[in-house]
Amino acid sequence: MPQTPQPNDPQFDDLRKLLAMKRAERPPRETMDNFLGEFHKRLADEQAADAARRANSWWLRLRETLGIAPAVPGDEAFPALRRLLSLKRYEHPSPAYLDNFLMRLNRRLLAEQMHPVAFGERLRQSLTERPLAFAQVGVAFALTFVLTIQSYNYWQRRDASVTAHAPAPTIIAAAAPERPVQVIYDDARANVPQEEATDSAVMLVPTIGSRPNVHFVMDRVDITPKVYAASFNY
Amino acid sequence: MLSALVTSAETVIDIPAQPVSAVGDDAALVERARANDSGAFDELVERYKQRIYGTIYHMTSNHEDANDLAQETFIRAYKNLHRFKGDSTFYTWIYRIAVNTTINFLHSRRRRVQNHLSLDDVDARIQDDPDFIERTSGAGPASEVAANELMEQLNTALQKLSPDHRLVVTLYDIQGLSHAEIAKITNSSEGTVRSRLYYARLQLQQLLKRYLPERG
């Protein structure tokens with residue numbers, strides 16, 4: 001029958017030596033005692049930091065601002081915390097602490113009425129209290145100013161461009177006086193009989209713009225025009 | 001024990017922040033104050049100084065700042081009394097001034113110096129509160145120290161919240177105002193108030209873990 005191996009058997013010498021070395025590497029006992037406490041403290045700190053990050057995320061703040069805050073559990077989720085916070089009601093100043101409140105308030109009101117705060121001082125106070133709001137207003141003004149200047153320059157350039165690239169005849173024609181119309185006749189067809197002339201021979205001489213006296217070259221003329229062109233004598 | 005705790009919590013939390021009869025009185029006092037009756041405004045100050053001071057104190061955790069800001073609140077109210085249209089109650093209006101004044105102050109203080117906390121007096125009756133006994137392992141000679149330590153921890157945890165989150169916790173869990181009243185005071189929706197309250201409590205639950213039961 002084989003014998004059961006014992007921990008002190010020689011074949012375990014190497015293992016025993018290794019374990020002894022490992023034991024020597026252990027940290028002092030108090031460090032291990034505090035380890036759990038430190039671990040819980042750091043864990044709680046990190047969880048609180050995570051909760052703060054979630055609570056202050058820009059996405060949540062945006063939804064709150066827009067009035068579409070997510071549905072959240074109510075009071076029933078925090079009974080113990082609510083009872084703990086309710087203990088704060090025991091923390092208040094002694095009754096005598098606010099006895100002179102009204103007197104001090106009236107004195108301060110009187111002093112402010114006698115020596116009103118200057119505009120500059122009020123502005124300085126506002127800047128101290130709400131620098132971010134002032135910075136936002138400042139940036140908004142600066143952006144508005146830059147946009148105004150830019151749009152003014154753009155329209156200036158655009159107007160100049162339109163003037164430069166405008167079709168000259170249109171502009172000139174608009175201001176031009178009555179122009180004569182010159183009809184060029186095809187001499188080769190001058191002898192065409194009158195019967196061959198059709199309605200299609202009615203020719204409209206184009207005019208520019210909306211001139212009131214439009215010129216027509218009517219049918220039933222002695223010679224049928226083959227080609228025509230308009231030329232303007234300025 | 002549990003029922004006692006629940007009763008205690010309900011007693012604390014369900015106290016109406018504003019007696020209904022006081023609303024009508026306020027309107028009359030405001031009318032008189034507008035007609036340059038200084039006694040009427042003094043009456044309003046006496047009526048609300050404790051609550052306004054308390055709210056500001058829980059927001060700042062500092063005596064001097066709370067006193068100064070409470071005075072500032074009433075001065076602003078006095079100067080702007082002609083602008084009070086009566087659309088809301090005077091109570092909501094003065095709270096809104098206090099809250100805006102305090103939040104502006106907190107924003108400027110955050111940039112200036114590190115906050116200095118100063119503890120208000122802790123009422124001796126706390127030692128008989130079952131919630132306090134449960135969390136500090138019973139009353140005794142050391143209970144006063146334990147009460148001060150607990151208050152310091154609560155204040156420190158509250159100061160770690162953003163001003164918006166601290167405000168809703170102060171007004172709802174400590175001052176006992178309703179969601180609707182807080183929404184009016186902060187000029188936001190009830191959904192926003194509930195959301196801020198939830199996320200503020202999540203943070204506080206982590207910060208005050210050692211005072212809370214494992215499954216609380």
Side-chain angles (χ1 to χ4, degrees), chain A residues 40-41 43-52 54-57 60-61 63-75 77-95 97-98 101-102 104-106 108-109 112-113 125-133, chain B residues 5 8-9 12-13 42 45-46 49-50 53-54 57-58 63 67 70-71 74-75 78 104-105 107-108 111 119-123 125-126 129 131-132 135 147 150-151 154 160 162 165 169 173-174 188-189 191-192 194-196 198-209 211-213 216:
Chain A
H40 281 297
K41 188 176 175 301
L43 188 66
D45 286 350
E46 285 187 13
Q47 284 173 337
D50 282 345
R54 278 200 302 277
N56 296 308
S57 71
L60 182 65
R61 287 190 167 258
R63 292 180 74 179
E64 284 179 352
T65 309
L66 295 175
I68 48 171
V72 289
D75 297 346
F78 304 93
L81 180 69
R82 293 195 71 209
R83 289 202 301 270
L84 179 63
L85 287 172
S86 71
L87 290 174
K88 282 277 284 174
R89 75 189 186 281
Y90 289 110
E91 189 190 1
H92 52 74
S94 59
Y97 185 71
L98 291 175
F101 185 85
L102 189 60
R104 287 199 299 265
L105 176 70
N106 283 330
R108 199 167 146 180
L109 259 174
E112 285 202 9
Q113 281 170 354
Q125 276 180 0
S126 301
L127 271 171
T128 313
E129 284 177 358
R130 285 166 288 190
L132 192 64
Chain B
L5 288 177
S8 160
V12 170
I13 291 153
D42 289 354
V45 172
E46 285 294 333
K49 67 179 183 186
Q50 196 90 32
Y53 172 87
Y57 172 75
H58 292 308
H63 277 310
N67 204 335
Q71 286 192 26
F74 284 109
I75 287 173
Y78 182 78
N104 284 339
F105 169 79
H107 282 307
S108 66
R111 280 180 290 273
L119 197 64
D120 239 335
D121 294 344
V122 182
D123 198 319
R125 284 175 295 178
I126 193 174
D129 193 298
D131 283 334
F132 174 73
R135 279 162 182 81
L150 175 64
M151 289 303 158
L154 287 176
K160 285 186 179 169
S162 72
H165 289 109
V169 170
D173 283 328
I174 302 173
S188 56
S189 69
T192 301
R194 286 175 198 274
S195 167
R196 285 183 184 163
Y198 171 72
Y199 286 102
R201 285 166 169 175
L202 275 186
Q203 291 177 74
L204 286 174
Q205 202 160 38
Q206 297 299 334
L207 293 165
L208 299 167
K209 213 172 203 174
Y211 291 103
L212 298 171

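In what follows, chains are A, B, ... by sequence order, proteins preceding strands, each numbered from 1.
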- What about the rings of A:F101 and B:Y53, do their centers lie closer together than 6.0 Å? no

- Drop me the distance from B:F74's CZ to B:K49's NZ, to the nearest 0.5 angstrom. 9.0 Å

- Task: Using a cut-off of under 4.5 Å on heavy-atom pairs, state which of B:R196, B:R194, B:K160 scores highest against chain A.
- Result: B:R196

- If you count heavy-atom pairs under 4.5 Å between each of A:L85, A:N106, A:L98 and chain B, which one has the most? A:L98

- Query: Is there side-chain contact between B:Q71 and A:L109, with at least one heavy-atom pair below 4.5 Å?
  - Reply: no

- Atom CG in A:L84, atom CG in B:L154: separation rounded to 0.5 Å? 5.0 Å

- Rounded to the nearest 0.5 angstrom, the CG-CZ distance for B:D173 and B:R201 is 4.5 Å

- Relative to chain A, which segment of B:Q50 carries a heavy atom at a distance below 4.5 Å: side chain, backbone, both, or neither? both

- Tell me, side chain or backbone of B:A200 under 4.5 Å from chain A's heavy atoms, or both, or neither? neither

- Item | Heavy-atom contact with chain A under 4.5 Å, split by part of B:Y198 | both

